[in-house]
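This report concerns only the one structure given below.
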Protein chains: 2
Amino acid sequence: MALIDQHNAAVRNGLLAALPLADLARLRPKLHLVELPFNQTLYSMDDTLDTVLFPESGMVSLLATLDDGEQIEVGIAGREGLVGLPLVFGDDRSLVEARVQMEGTALRIGAAAFRDEMEQSDALRTLLLRYALAFHAQITLSAACNARHAIEQRLARWLLIAHDRIEANDFPMTHEFISMMLGVRRPGVTIAAGILQKAGLIHYARGRMAVTDRPGLEAASCECYHTARREFARLLGAGAAQHSD
Amino acid sequence: MALIDQHNAAVRNGLLAALPLADLARLRPKLHLVELPFNQTLYSMDDTLDTVLFPESGMVSLLATLDDGEQIEVGIAGREGLVGLPLVFGDDRSLVEARVQMEGTALRIGAAAFRDEMEQSDALRTLLLRYALAFHAQITLSAACNARHAIEQRLARWLLIAHDRIEANDFPMTHEFISMMLGVRRPGVTIAAGILQKAGLIHYARGRMAVTDRPGLEAASCECYHTARREFARLLGAGAAQHSD
DNA sequence: CGGCCTATGTTCGATTCCGAACGCTCGAAT
DNA sequence: ATTCGAGCGTTCGGAATCGAACATAGGCCG
């Protein structure tokens with residue numbers, strides 16, 4: 001509300017849309033449209049980050065790799081945010097892997113140019129620090145959620161977060177995939193998804209998944225979803241609240 | 001190494017010690033020594049933050065409160081860092097509660113003065129953003145750790161983190177307390193602690209706990225501990241690496 | 001149409017952890 | 001010394017989840 005105001009409907013990334021026109025104008029020439037193809041790794045663990053991406057659509061997962069080689073999702077970015085958070089903090093390394101989980105497009109800027117802009121624009125710096133804090137809140141809640149909540153609640157939460165980041169009600173998604181994200185077994189997801197489907201909250205079939213009762217799904221989720229969403233709204237304005245609308 | 005250099009041995013907080021002398025000198029008159037008594041809540045969920053604390057000793061836990069009223073630890077701060085992280089991001093609210101888990105002292109600065117200093121001092125801003133990123137890494141690893149690792153490993157990790165933040169080998173700590181921190185049952189901690197004690201890694205009795213074989217305890221912990229520690233060292237210099245020395 | 005791969009359904013036993021007790025014992029206070 | 005409470009040890013049944021299979025079925029491709 002306070003910060004976010006859709007200056008330009010053509011700007012589909014929430015952060016860019018929230019910038020004052022002058023700052024956006026200065027940034028624009030440095031931004032280049034790129035595709036985010038499904039399953040592409042945008043950067044790996046310990047890579048040097050050379051770009052920041054402002055997604056316009058699609059969904060990017062941040063994955064931590066454990067000692068046993070398993071990966072687990074520790075964060076999600078979509079058009080409400082950016083990919084390459086360490087650069088906001090002035091660092092150029094990442095502990096996690098960024099991988100495209102639903103295809104889309106993004107606006108890309110080089111790390112050096114990004115750094116320049118961060119120094120020159122108070123509005124950009126302020127905005128991105130707020131985003132960083134909102135993202136931090138989401139991870140914090142995930143840490144608590146992973147420790148205490150049942151698969152079914154976590155699945156509902158995850159589906160809501162995914163649903164927030166796409167335009168359609170229906171999106172490609174397998175149980176196998178979700179099980180990796182949540183760090184649980186695949187049958188565990190099948191069971192939990194079966195319960196949600198019987199309750200009429202979702203519908204799925206062979207690699208596609210649809211939310212059929214969004215309020216119901218929200219009720220089935222743990223509060224972590226709502227808390228994170230509120231925090232995004234508070235810090236970045238209602239318009240940035242992860243786009244369930 | 002690069003950033004941290006003990007300018008003044010009397011400065012016991014790692015972040016303050018890493019500041020250039022000029023910046024530290026400007027900050028000093030605004031810092032006031034305060035006690036951190038055991039179990040004191042420094043701020044609660046949704047409080048407005050009016051101070052930043054730079055601990056000199058002791059340990060402060062950040063606790064998330066879940067829907068059922070249970071609390072679970074989602075972060076730890078000691079003399080390597082600060083309490084009041086949202087103010088570094090330009091915000092003055094917190095989603096979590098900050099509570100003193102081991103008594104100590106801290107240097108305190110008002111939120112307004114802190115904000116002024118952040119604007120004036122590039123060194124302070126850079127340093128605190130790096131700390132924020134290191135802290136962020138720790139939470140990220142906790143999220144993965146909470147989802148996948150067994151109680152015993154998580155207990156070892158927690159004890160190492162606690163051990164890093166105290167001077168003595170021996171510190172007051174009950175199983176009940178740890179169980180709240182880890183988000184598990186108290187007997188679960190007793191079992192896990194019993195195993196670690198039988199292995200000769202720790203010793204405990206009636207509310208006190210001691211690390212008797214630090215390398216062994218590190219081996220018993222999951223890699224999350226080492227990864228987080230490396231990240232602190234990389235971002236803030238070896239001297240800031242959580243003070244196990 | 002038939003083969004084949006992928007996605008989902010289902011089962012098995014084993015393990016971890018839960019929630020809730022109950023008992024013991026150390027150590028401090030009276 | 002006795003009392004008493006906090007901290008720890010231990011047990012119970014049950015729930016959730018694990019790891020590893022195997023079975024079924026949709027859809028693509030030849």
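Below, each value reflects all heavy atoms present in this structure, side chains not excepted, and no hydrogens, waters or symmetry copies.
Atom-to-atom, CD of Glu70(A) to P of dC18(D) comes out at 11 Å; the value is rounded to the nearest Å. The interatomic distance linking Ile151(A) (CD1) with dA15(D) (P) rounds to 16 Å, in whole Å. Summarising the geometry, the separation between CZ on Arg148(B) and C1' on dA16(D) is reported as 15 Å, rounded to the nearest angstrom. A straight line from CE of Met180(B) to C1' of dC8(D) spans 18 Å, rounded to a whole angstrom. If you take CG of Leu182(A) and P of dA16(D), they are 17 Å apart, rounded to a whole angstrom. Atoms NE2 (His149(A)) and P (dA16(D)) sit 14 Å apart, rounded to a whole Å. Note: CD1 (Ile178(A)) to C1' (dG9(C)) measures 16 Å, nearest angstrom. Regarding Leu196(A), its CG atom lies at a distance of 16 Å from the C1' atom of dG9(C), rounded to whole Å.
In this structure, Tyr204(A) reaches the dG9(C) phosphate: one of its side-chain N or O atoms is under 4.0 Å from OP1 or OP2. For the OP1/OP2 pair of dG19(C) and a distance below 4.0 Å, the side-chain nitrogens and oxygens of Arg185(B) include no atom meeting the criterion.
In this structure the side chain of Val52(A) never reaches within 4.5 angstrom of the side chain of Val83(A), judged on heavy atoms.
Comparing Ala147(A) and Arg186(A) along DNA chain C, the residue whose closest nucleotide (by nearest heavy atom) sits nearer the 5' end is Arg186(A). For Gly183(B) and Gln197(A), each mapped to the nucleotide of DNA chain C holding its nearest heavy atom, the one lying further toward the 5' end belongs to Gln197(A).
Looking at Arg208(A) and Tyr204(A), their side chains never bring a donor and an acceptor atom within 3.5 Å of each other. Ser61(B) and Glu73(B) share a donor-acceptor pair across their side chains, judged by distance under 3.5 Å alone. Side-chain contact annotation: Gln138(B) with Glu231(B), donor-acceptor N/O pair under 3.5 Å absent. With hydrogens and angles left out, the side-chain atoms of Asp170(B) and His203(B) include no donor and acceptor closer than 3.5 Å.
Nucleic acid contact class of Gly207(B) (heavy atoms, under 4.0 Å, all strands): sugar-phosphate only. No contact: Ala205(A) has no heavy atom under 4.0 Å from any strand. Residue-level contact check: Ala193(B) touches neither bases nor backbone, having no heavy atom under 4.0 Å from any strand. Looking at heavy-atom distances under 4.0 Å, Ile191(B) makes no contact with the nucleic acid at all.
The nucleotide whose nearest atom lies closest to any side-chain atom of Pro187(A) is, among dT10(D), dA21(D), dT17(D), dA21(D). Between dT8(C), dC18(C), dC18(D), one nucleotide has an atom nearer to the side chain of Val184(B) than all others, and that is dC18(C). Listed nucleotides dT10(D), dT8(C), dC18(D) differ in distance to His175(A); the shortest reach to its side chain belongs to dT8(C). Closest to the side chain of Thr174(B), out of dT10(C), dC18(D), dC8(D), is dC8(D).
Under the 30°/60° scheme for interplanar angles, the aromatic rings of Phe38(A) and Phe177(A) are found to be tilted.
Below the 3.5 angstrom threshold, one finds a donor paired with an acceptor across the side chain of Arg206(A) and the base of dT6(C).
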